[in-house]
Every structure is written in structure tokens, then in C-alpha cells.
Protein chains: 2
Amino acid sequence: MTEGAVVPEELGSADSYEDWLRERLPVRGLRGKAAAVLEVLLSQPRRASFGSAQELAQLAGVNVATVTRTAQALGFAGWPALQQELRARYLSSLSAGQVAAEHRGTGSPSSRSLRRDLDSLAVLNRRLDESVLLTIAEAMAAARHTVIVADGSYAAVGLALAHNARLAGYPVRAVTAGDAELANAMAAIGEGDVLIAISFWRLYQSTVLAANEARSRGVRVFALTDAASPALASAAEQVVIVPAEGEAFFPSLTAGIAVAQALVTQLAAVDPARTGASIEAAEAMWAKFGLLHRRPTAGDPS
Amino acid sequence: MTEGAVVPEELGSADSYEDWLRERLPVRGLRGKAAAVLEVLLSQPRRASFGSAQELAQLAGVNVATVTRTAQALGFAGWPALQQELRARYLSSLSAGQVAAEHRGTGSPSSRSLRRDLDSLAVLNRRLDESVLLTIAEAMAAARHTVIVADGSYAAVGLALAHNARLAGYPVRAVTAGDAELANAMAAIGEGDVLIAISFWRLYQSTVLAANEARSRGVRVFALTDAASPALASAAEQVVIVPAEGEAFFPSLTAGIAVAQALVTQLAAVDPARTGASIEAAEAMWAKFGLLHRRPTAGDPS
DNA sequence: CTAAAATTGCAATGTTCTTTGCAAGTTAGA
DNA sequence: TCTAACTTGCAAAGAACATTGCAATTTTAG
């Protein structure tokens, strides 16, 4: 029952867990055994986040009922409601400790979603092996063409990647319009090309098919996905794994976009002159076509 | 109940969660729905660590019993036993790299990009007024149609938003294909509709035009942008300001996607029954059209 | 094409966990 | 010292959850 030094890493980081919990205290504070329960919640966040009321009660030397009542005294419906909040705080303190983003007393779906994306990005930032992105960027830079296969909502990631890569001066195309377009694109692909398959959560049949077909034709294949699946891993030279867990039913695209962004940034660094020229040309065209909005009064250049 | 087996420092393997899980696989691997369950465990470690078997089953599109059986197939007594292990692994994977992350060289462009996105998201999380997202979500829920105008690379944000909102059961359409399509879309818009203009960095002329036109026709207009611009602010009922500064020349879409994600999450919470039914219907269609990849031996008919 | 084997969903069963009514015990104030 | 308000534990009621038997369906092997 030791485990007193619960989580050593928590030393420096401003502890949103603790602060938050203290803010919930009723004006009068908590007395008696309720205070003992609170003590346990504060000192053993890990157990508090996972354990049953029973377990916590035992730890505080208290009856189970007291745990429930303490939760209610803190303004929650019961122990499960309190625990859910504790969990969210605790996990945030683990992963995003240094950033310590705290939204006081919220809990709307949208803010939960944001917080989770923040966590995902923190994990990504920690885990991602940048050399993989470097490899992919160099492959794209050397390729005759790059084809990005992405379906469903992941199409957004593919489009963003393709768009910016083109802006950076490389022939990259996203195929997102379904099987017919995909088939046509595959017909034109061959040695010297690169294919990037993007798929989260559920793999689309045609994405896997395309990856395998490309591989067998000597195309360099890379994959961006949320969990290494044998199907893609065997077809791809490198697999980038990205957290995509969302708050609601939908997988989150945030971390995927961040990787796309990082990849393009890396790509732009491969040949700065080429990228610079390409951007300049694009800007000239935007001006020529009058695409951009001119601010009314501000006398601004460009 | 010592719980000493947790092993907080597993520094070497950043991804102990996934590796560990894969090692538990029976020789034959997992087939059919069991593979789908495994997929969810791998891709959604957080939910897997906390959720009930019921929740996981729903996520995998599977009966509850299958979750239990999968746990047993992996060599555990049942779901709780597996979950306990998953939790320990997941938590250590969260905290393990934290120390290492500090030292990690901030060298390559890609990692700088990631770090910057992380900062942006932290700022967003702190600054964003969630009531604005709530307002927009409710407007979308009540609208006859919602049209999202987004051009350039921001089209990705618009598409992601539209895609998921449709999945959630609402008639939302992204207009991203240029001025001609935009003009057509504007012709059909009117009172009772909602328009969301998405534009970062540089405003597209046509986006501003569309917003103003919509406004004058009694459409509720909202904007998602990176800096309050008078042109959009005057046309929009509410403006969501999102950090979009990128490492390279390109504006970052990461924070924008995160907002889109948060918005859809909020939207899905407006009428859970409607969203639930919509998702179920979509899943049925995916299955019917055979879009999803099937894991096991390739004995599948078309 | 047929039979055996395996897979999966449904629904009943049994378990664990949370909450609450009640009574005993404690504290504070008159 | 006595009483009223409050706290706490016990135990039963109630809810959520995991597991398993059974039947229907699909897959595999002959």
C-alpha cells in the first residue's frame, strides 16, 4: 500500500488536478471523514482515477457510503461523475503537464474535444520519430509524382498535404473522389513515383488495394494511420502512426493534420530555392486572378 | 492488491502499449470481428483503458460478448483483466517519454512544426470561448442547410467539418471547388440556412463576397479565421479566431481542424438520438458497399 | 455440394459496484 | 446535562456490467 510517491514527474508542473479539485470545495470546507477522502483524492490521483469507491474508501479508512457522499458534497451526482472529471484532469496532467491548459469548470463537448486533441498532439510530439518524416519528405522530393490516397474524412488530410506540397513546388496529387478516380490514378503510376496512403481507424478496402498494387509496381509506399495494421504495414516502406482518438464517435483529424503540416514543412526545407520560386509564382498568379480580398481602408502593400 | 506491477519507467520502448498488445496475439492471429476489436484497442487506447466492454463493442461495431471473447482469446480471464493491463501500459506510455521529450533536439523543420502546432493548440484551448461554438452548433442543428465556404488549403478544414457533420445527421455541404460552384451554391441559399466562412491568412475575395451576400439574405453567417478582419467581422454574427501561424510559409491548419472537430463534437451532442441513428445508418451502408477492409485470410467474395 | 467447425449475436445469469434508508454515534450549544 | 443537528457505518435496494449457454449463420474442409 505504499505507492506514496505517486507520480514522480508531477513535481514541477502546475498541477491543474489539485487546483481544480480544491476549487470545488464548498465554502465551509470538508470536515471529518470527508476530508480524509479528499486527502486520498489529492494524494493518490492515479488510484482515484481508476479505483472503485470501495477501494478509495478502504484507503481513506472510511465506509463506502462516505465516498459517495463526499462526491455529492463536492457538487457531483455521485462517485462516477466525480471520477470522470478526475480522470480527465489526471490524464491531462500526465501528458500535457507543461502546457497546463485549464478551462475552469467547463466540460462541454467542444472543450473536451479540444483538450483531447491537445493531449493527442502532446503524445504525438513525444513519440513521433522525425527521421521517418525526413525519409518521406526526401522520397517525395525525389519522386516523379506523388499520389496521396485518402478516403472518408481523412480525405481532408490528404487534400491539405497535397495542396501545400504543390505550393512548395512538388507534383503531388490527392486522390479522394472514390474508387473510379483511384483506379485511373493507379493506372498511371509506376516506378519512380511515391504513394502515400492515409487511413485512420477503419481501413478502406480500396486504400489497401492501392497500396499493395503500387508496391508491386516498384512505387515507394508510405502510410499514415492510427494503428499499425498488418495490411498496410506489409505494403508500406514506412508507417507513421498517429493518435486519432476523438471525443465523440468521429476520429480526430487534428494529429493527422499536424503530421501533414510537419511533413510539408520538412519538404519545403529540402530544396528551399525551388520552394521559394514556386511560392513566388503562385503569389503572382493569385494577384493576376484577383483571388485575394483587399482590405477596404487600410492602405496595405502587396 | 499491491498494484506494484505497473512499472512507471519504461523508457526504452515509447510504444510499449502497442508492442505489448501485439505480443499477446495467439499464433494464428485474430480473425473476423475479434480483429476489429483489436483494432479499436490499438487505435483508441484511452477509451480502451477506461470504457466498458459495451462501449468498446459499439465502437468496433460488434456485440458485447465479442469483446469479452476477444479478451479471452488474448489469454485473459475476461475484459476487466485485459483492461487493467491496458491501463497500466497506456499510462506508462503517456508519462514515460515526458522526460525525454524535454531534451529532444528541436532541430528538424518537422519537429519544429509539431511543436508549434502544440503551442497553438494550447493557446487555442485557453482562449477559445466555448459558448461561441455552442451557438454555432445550435444554429447548424436548427438550419435547413448549412453551407461551408472554404478555399485554398482551408478547404481541408471545410471538408472535414462537412463530412463529419453529415455523418452526425445534418445537411451540411462544403463548397470548395472555386467560384463557379460557389456562385451556384449561393443562388440556392436563403432564410433558415447557415453559412460558415473559413479563411485563414489571406481572405479570398469570393469568400468575403459570399458572406456578405448571405448576410443580406437573412442567412446566419459565422466565420472561422486567424485574425479579426473587418471584412468578415462585419458580415458574421460570430467570429471564431484561431491561431494559424505555421513554421514554414504555409499557415497551419492544425488549430483550425481542432476547432472543426470540437464543433462537430458539440453538434453531435445537440441531438444524440438523431446522430446515433445517422451513424448507424452510415455504418450499415459502409458494410453494404463493402468499403471497409477485411482483416483475415483473403477469402472474401465481392 | 455437403458436413463439420468456427464465429457471432442474443438474452439470461451472476457478479460487482453505487446509492440510499435507517439507526447508532458524536458534537455543539443552551 | 440535555437536546438538536450532524456525521458515519451498516446493509439492503438498485443499477451497471461481464460472462456464458444457445441458436443462427458463416466459413472451411472434404
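Atoms considered below: every heavy atom in the structure, side chains included; atoms not considered: hydrogens, waters and symmetry mates. By convention in this document, chain letters (A, B, ...) are assigned in the order of the sequence lines, proteins followed by strands, and residues within each chain are numbered from 1.
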**Request:** Specify the closest pair of heavy atoms between B:R274 and B:P171, including all atoms of both residues, with the distance to one decimal.
**Result:** NH2-CD, 4.1 Å
**Prompt:** How long is the line joining CG of A:N63 and P of C:dT18, in whole Å?
**Reply:** 12 Å
**Message:** In this structure, how many angstroms lie between the P atom of D:dA15 and the CD atom of A:Q54, rounded?
**Reply:** 20 Å
**Item:** Between D:dA18 (P) and B:L82 (CG): distance, integer Å
**Value:** 12 Å
**Item:** Separation of atom CZ in A:F76 from atom P in C:dT18, rounded to whole Å
**Value:** 16 Å
**Request:** Let me know the distance between CD of B:Q83 and P of D:dT19, rounded to the nearest Å.
**Result:** 10 Å
**Message:** Nearest to the A:A65 side chain among C:dC10, C:dT20, C:dT18, which nucleotide is it?
**Reply:** C:dT20
**Prompt:** Contact class for B:S52 (heavy atom, under 4.0 Å): base, sugar-phosphate, or nothing?
**Reply:** sugar-phosphate
**Asked** Should the pair A:R220-A:E237 be classified as a salt bridge under the 4.0 Å nitrogen-to-oxygen rule?
**Response** yes
**Fill in**
A:L86 and A:A48 have their tightest heavy-atom pair at CD1-CB, 4.2 Å
**Prompt:** Taking the side chain from A:Q83 and the backbone from A:G51, do they hold a donor-acceptor pair closer than 3.5 Å?
**Reply:** yes
**Request:** Name the nucleic acid region contacted by B:A53, choosing base, sugar-phosphate or nothing; use a 4.0 angstrom heavy-atom cut-off, strictly under.
**Result:** sugar-phosphate
**Asked** With no hydrogens and no angle check, is any side-chain donor or acceptor of A:R87 less than 3.5 Å from a backbone partner on A:F50?
**Response** no
**Request:** Pick base, sugar-phosphate or nothing for A:T66, based on heavy-atom distances below 4.0 Å to the nucleic acid.
**Result:** sugar-phosphate
**Message:** Given 3.5 Å as the limit, does a donor-acceptor pair link the side chain of B:T66 with the main chain of B:V62, or not?
**Reply:** no
**Prompt:** Are A:Q72 and C:dT20 close enough that a side-chain N or O sits under 4.0 Å from OP1 or OP2?
**Reply:** yes
**Complete:** Rounded to whole Å, CG of A:L56 lies from P of C:dC17 at a distance of 12 Å
**Prompt:** Between the axis at one end of the helix from C:dC1-D:dG30 to C:dA30-D:dT1 and the axis at the other (five pairs apiece), what's the angle to 10 degrees?
**Reply:** 30°
**Message:** Of the listed nucleotides (D:dT19, C:dC22, C:dT19), which one gets closest to any side-chain atom of A:W79?
**Reply:** C:dT19
**Item:** Side chain of B:V64 - closest among C:dC10, C:dT8, D:dT19
**Value:** D:dT19
**Prompt:** What's the CZ-P distance between A:F50 and C:dC17, to the nearest Å?
**Reply:** 16 Å
**Asked** Side chain of B:V62: nearest nucleotide among C:dT19, C:dG9, D:dT20?
**Response** C:dG9
**Request:** In whole angstrom, give the distance that lies between atom CZ of A:R69 and atom P of C:dT19.
**Result:** 11 Å
**Message:** Measuring only between side-chain heavy atoms, which start at C-beta, is A:V242 closer than 4.5 Å to A:T225?
**Reply:** no
